[in-house]
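Some notes on the structure that comes next.
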Number of protein chains: 2
Amino acid sequence: MATIKDVSRLANVSISTVSRVINKSLKVSPDKVEAVMKAMEDLNFQPNSFAQALVNKKSNCIGVLVGDLCGGPFFAQMMRGIENVILPANKFVIVMSGKHEHDREKNSIEALLLRRCDALVVHSKALSDQELIEIARSDVPIVFVNRLVPTLEDRCVWVDISSGMETAVNHLIKQGHKRIAYIASDEVNNQDAKDRMDGYHRALNNAGIEFDNDLVSLAFPDENGGHNAIESLLMRDVGFTAFVAYNDAMAVGAVSALTENNISVPEEVSAIGFDNNLITNYIKPKLTTVRYPIEEVGETAAKLALNVLYAREREEYEERKEKETNKSYEKKFDLHEVVEFTREDLKFIPDLIVRDSVAPYDEAVVRESKVKKQKKK
Amino acid sequence: MATIKDVSRLANVSISTVSRVINKSLKVSPDKVEAVMKAMEDLNFQPNSFAQALVNKKSNCIGVLVGDLCGGPFFAQMMRGIENVILPANKFVIVMSGKHEHDREKNSIEALLLRRCDALVVHSKALSDQELIEIARSDVPIVFVNRLVPTLEDRCVWVDISSGMETAVNHLIKQGHKRIAYIASDEVNNQDAKDRMDGYHRALNNAGIEFDNDLVSLAFPDENGGHNAIESLLMRDVGFTAFVAYNDAMAVGAVSALTENNISVPEEVSAIGFDNNLITNYIKPKLTTVRYPIEEVGETAAKLALNVLYAREREEYEERKEKETNKSYEKKFDLHEVVEFTREDLKFIPDLIVRDSVAPYDEAVVRESKVKKQKKK
DNA sequence: CTGTTAGCGCATTCAT
DNA sequence: ATGAATGCGCTAACAG
């Protein structure tokens, strides 16, 4: 590996001159520039990123903590969003996965910090608000994803889950439905579950529809759970013309349970899932669902992280400018525009993916419907 | 950020002593060790990884080039396999995505090399064998995934796709099927397509079943393609009791086309997909399919990369040992066991995931079957 | 066992 | 505009 020294020798200049042409930090006479360029070319010179990092005190790396890249497409999409922003900014991405385990998340963040990442994008589920606040005191800018940490709201990019659920229920209401069941997760204390339930309540409220606890059916949040939840709903004989589900897996199970009971979707019962899993597009009928704008979340988080970083660089620049004799620090600092993010910019509302599993409320159909009379076989 | 110097001052020792306790490279008297430890604790000292990397000429990072983390679960699973190996080895993972674009793949590899990664795991689709061979001449160990590069076979971890297809067809043959259709991709020149077709041929051959070109139906490799392929097969009126598909999406489309034609799966027609997509488990009947052992591939690739690295470190060690006065280099080099990989270790055979879409061949059913008489409506 | 010293490759200041 | 010299934080050779 050729070094700056080799280049300087070949180009018959000092290493400082070489450094100058690399960084375009100061004027160098055209002929020397050319000589240096040629030498770099000939030697296939690449600056040693560690030496640069050591002296510049920055690594040009953005650290990302994810849950598990394999836990569905979620993190993969987030990563894509992050990359979309980081790579054009000429920085690298280092990923670590915390698997939602407390110690692993903690260690990973420490490791990322140790690597002197310029900024961190963190998706933490296992660490407490207090711990995150502690971590955020670090010198390096940290941004949190999918979480709203108190006192750090301007560092949090999150998705308003409850609004997503509200949108789904509203959609059904607009189609004329009033008896809207909720196929819910039985992990009731989970924040996600609470948020969704909130959304469900709010939509009903706003439409002046009274909440009926009989329409809520709890089960484990997977396909079987959805299946069972519908069975239990049918047994209750409560009558409903539509449902929203906690997630797509439950919705799929619910639809298949309805089909088995000869209840057609969407003719007799409209269905809406949540998450926009791939499956939703493959089953019949294609499932209307609610989509997290995950990629956008990733992009925004990355942008925010970059901006906090840029802002700090500016601060540091101003500081030095005051204290020292006015030098051309702009060049060294390579100052970037910093844009302001409002609370609204950092908050995402899931959108409805309209497919085939919702039909308008139809009095005639309901009269004939098997839903009410159906008993579990 | 505290430095080694701060620690040495606080502990009243020299920086070398501190360095020694950090790296456990030489014996240090217990009392000093304790003092240093305490000082490190107090100052919350973390060695600067760049300074270390600069002087050690290694980064403790493994670079990974993937296609696109979002292109399905493929790369995510591969990453998990890689992480399973790299993290316990106390190294980091840097990922870049090449998106299967020639220039992007090339740039990403260069960037990874520039970062002085200790080793690279590369999944390249867009670069030519020649380019990969060129790249592999680099000082840093490079391992290729899902590709068999000529002359670099011992650096390639790959999946024997054609054997996977063979297994699938064999499974059907063992169930007594003889008229086995192949729902194939129309991208016939694609290497993947060729491999699968090979497997199909081989299985038939070994079972003494004559290849019938009428049983092969080409279409675009997605759900609709599978749908159309079945339609076209039915129009041909050739008669078949089972099919294998190029991928799961096609299989799903094919199954839905059969259902629409009142042909039941698996009673009248057995079906096998390929890839083990999540969907396969969600449709009715659950789809028997062929699974790439992607995670294992990732693990093996990572292990191989690590081993090549360890082997080089050993070489370098031996070299220095000869030339120089016998010092305790083992400590610096921290030599690792290097295990041999045989060709077989690097080659993976996909396995069959048996689900509900395959039934034994049944003469009686076939007599009644609508398959032969069916025409496109 | 331990402290002193000399780089690793680069950016930057200080002279010129 | 340019070269010489200094130091970033650390490891390792050298000399006690």
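Within every chain, numbering begins at 1; the chains are lettered A, B, ... in the order of the sequence lines, protein sequences first and strands thereafter.
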_Is the phosphate of D:dT2 approached by A:Ser14 (side-chain N or O, under 4.0 Å from OP1 or OP2)?_
no

_Of the listed nucleotides D:dT2, D:dG9, D:dG7, the one nearest the side chain of A:Val55_ = D:dG7

*Taking A:Arg312 for the side chain and A:Asp139 for the main chain, is one N or O donor matched with an acceptor at less than 3.5 Å?*
yes

*Flag the pair B:His123 / B:Phe75 as yes when their ring centroid distance falls below 6.0 Å, and as no otherwise.*
yes

*Check every atom of C:dA11, D:dC10, D:dG3 against the side chain of A:Arg20 and return the nucleotide holding the closest atom.*
D:dG3

*If you pin A:Met1 and B:Ile15 to their nearest nucleotides in DNA chain C, which one's is more 5'?*
B:Ile15

*Rounded off to whole Å, could you give me the CZ-to-P distance for the B:Arg116 and C:dG9 pair?*
9 Å

*B:Ser128/B:Glu131 under side chain to side chain donor-acceptor pair (under 3.5 Å): CA gap, chis, key distance, verdict*: CA-CA 5 Å; B:Ser128 68; B:Glu131 286 172 301; 3.2 Å; yes

*asked:* I'd like to know if the side chain of A:Glu295 pairs up with that of A:Asn84 as donor and acceptor (distance under 3.5 Å, no hydrogens or angles considered).
replied: yes

*What nucleotide among C:dT5, C:dC10, D:dA5 has an atom nearest to a side-chain atom of A:Ser16?*
D:dA5

*Take atom CG of A:Asn56 and atom P of C:dG9, then tell me their distance rounded to the nearest Å.*
16 Å

*Taking CZ from A:Arg9 and C1' from C:dG9, how many angstroms apart are they, rounded to a whole number?*
13 Å

*Please state whether the rings of A:Tyr310 and A:His336 are parallel, tilted or perpendicular, taking 30° and 60° as the class boundaries.*
parallel

*Please assess B:Ser124 against B:Arg147 for the test side-chain contact (heavy atoms from CB on, under 4.5 Å), listing each intermediate value before the final yes or no.*
CA-CA 8 Å; B:Ser124 167; B:Arg147 184 151 175 173; 4.0 Å; yes

_At less than 4.0 Å, is any side-chain N or O atom of A:Asn23 found next to OP1 or OP2 of C:dA11? Yes or no._
yes

*For the side chain of A:Lys32, starting at C-beta, report the closest nucleotide among D:dG3, C:dC10, D:dT11.*
D:dG3

*asked:* To the nearest 10°, give me the bend of the helix from C:dC1-D:dG16 to C:dT16-D:dA1, comparing the axes of its five terminal pairs at either end.
replied: 50°

*Quick one: B:Lys58 NZ to D:dA12 P, roughly how many Å, whole number?*
11 Å

*Take atom CD of A:Gln46 and atom P of C:dC10, then tell me their distance rounded to the nearest Å.*
10 Å

*Given D:dA5, D:dC10, C:dT2, which nucleotide is nearest the side-chain atoms of B:Thr3?*
D:dC10

*Sugar-phosphate, base or nothing in reach of B:Ser29, heavy atoms under 4.0 Å*: sugar-phosphate

*Any side-chain N or O of A:Lys57 under 4.0 Å from OP1/OP2 of D:dG9?*
yes

*In whole angstrom, give the distance that lies between atom NZ of A:Lys5 and atom P of C:dA11.*
15 Å

_Among C:dT2, D:dC10, D:dG9, the one nearest A:Leu54 by side-chain distance_ = D:dG9

*How long is the line joining CD of A:Gln52 and P of C:dC10, in whole Å?*
7 Å

*asked:* Under 4.0 Å, counting only non-hydrogen atoms across every strand here, what does A:Thr17 touch: a base, just sugar-phosphate, or nothing?
replied: sugar-phosphate

*Any sub-3.5 Å donor-acceptor pair from A:Glu299's side-chain atoms to A:Ile82's backbone N or O?*
no

*Separation of A:Lys24 atom NZ from C:dT12 atom C1', in whole Å?*
18 Å

*Indicate whether any N or O donor in one side chain lies under 3.5 Å from an N or O acceptor in the other, for A:Ser16 and A:Ser19.*
no

